[in-house]
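Every number for a ligand or one of its atoms is a count from 1 in the order of the listing. For this chain, numbers begin at 1 and follow the sequence in order.
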Amino acid sequence: MNERIHLSRAHVTDIEEKYVLEALRSGWVAPLGPMVDRFEREVAQRCGVSGALALASGTAALHLALLELGAGPGTVVVLPSMTFAASANAVAYTGAEPVFVDSAEDANVDIDLLVETVEVLLSEGLTVAAVMTVDLFGRCCDYTALGRRLDDLGVPLVEDAAEALGATHGGRSAGSFGRAAALSFNGNKIMTTSGGGMLLSDDLALLDRARYLSTQARQPAAWYEHTEVGYNYRMSNVLAALGVGQLERLDSMISRRREIRRRYTAGFADIRGLTFLGRGPGDGAAESEDNHWLTCISLDPDQLDIDPATLMSGLDAAGIEARHLWKPMHLQPVHEGRRAVLTGVSERLFATGVTLPSGSELNDEQIDRVIAETRRVLRAS
Ligand SMILES: *Cc1c(COP(=O)(O)O)cnc(C)c1O
């Protein structure tokens, strides 16, 4: 039996080992330390923002960003329905009411619908504390179409770039589009600190306040003095060392994932009804450059008589992990009854989409096995 092929596993080498060992041996094991500062500096530079705050998770970064922008009881936050639960959870933590908006064909939020929704909510007299965009599966939203439309409405943007570190749009990096942005270094993301996240912003005052909230809101006094409720959200020095090593290898991990996407594209080129979500590699001067975090395919039910669940169980039996796309938030029991502005696109993408093993540690032989097994299940070989 071959080794099981996973969707997206942590990919670490002796470079990371060296940095982690260095952090351990330096004595900076207790939470904060020089590796945290270095990791923040290097990620901020990579993303083209003025500052960064290393945190325990991407969810924590979203939570603090929303708090800083005034999300709370009596306000609403507009965000895509198709996303990972964490985006909506962060809104719920603040006490704000999430309003969900449907997807465009590439799964990212439908920008026109998003802006229209904000206009409608404002015209109803509601306080829209923020809009959150999510750069899904490693691809930036259409920030060209968004332009300054939210600024004109006076509503700040939070960018959930948890899946998109290394992607760009119009020459700008994912993580640089909002008043604040969140990255995730969870184990399955394009790079990892085993668990962790980062808040990015050009607004250093916002980052300072978030830093204070993330360390139990401790006042500058000789004793432990607190005037508000804080959080224990910081990243540890040992994990930041892992991040410094991963960041050094980020470009090589992105190019490996790009090669994997190419291999899938070539391997399925002749299958009618099988399409790739977003744009493929080599589409030329695309204004968006994907980080190729996960390769997602869509199975057209008019042309293929196999649905995602059947494909996934066939692959599972062959020792291959594949998954559904994110189940839209408006279909989640926890958000039942919440407001959602729908076109049917995210439901269709959820019903037809499959994410395939895309981890940078996978070799060509493993990808070829996924291609062969997929073709077998689809009866296309
Ligand atoms: C992974 C992810 C998060 C949360 O990140 P954690 O580090 O796991 O808390 C948030 N939003 C999206 C879209 C994600 O994929």
(message) Any side-chain to backbone donor/acceptor pair from Asp102 onto Thr343? Under 3.5 Å, distance only.
(response)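 Looks like yes, one N/O pair under 3.5 Å.
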
(message) Checking the side chain of His324 only, and the main-chain atoms of Pro308 only, is there a donor and an acceptor separated by less than 3.5 Å?
(response)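 No; judged by distance alone, with no hydrogens or angles, the pair does not exist.
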
(request) State whether Tyr224 and Arg218 meet the cation-pi test: NZ (Lys) or CZ (Arg) under 6.0 Å from the six-membered ring centroid, and within 45° of the perpendicular axis. (result)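 Ring-cation test returns yes.
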
(request) Scan residues 48-74 for pairs that pass ring pair (Phe, Tyr, Trp, His ring centres under 6.0 Å), counting only residues two or more places apart or in two chains. (result)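 Qualifying pairs: His63-Tyr93, His63-Tyr231, His63-Tyr233.
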
(message) On a heavy-atom basis, which atom in Arg339 and which in Val120 lie closest, and how many Å separate them?
(response)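 Shortest heavy-atom separation between Arg339 and Val120 comes out as NH2-CG1, 4.0 Å.
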
(request) State whether a side-chain donor-acceptor pair under 3.5 Å links Thr310 with Asp307. (result)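 Distance-only check passes for Thr310 and Asp307.
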
(message) Give the residues near ligand 1 by chain and number, with the criterion being a heavy-atom distance under 4.0 Å.
(response)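 These residues qualify: Ser57, Gly58, Thr59, Thr83, Phe84, Ala86, Ser87, Val134, Asp160, Ala162, Glu163, Ser184, Asn186, Lys189, Gly196.
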
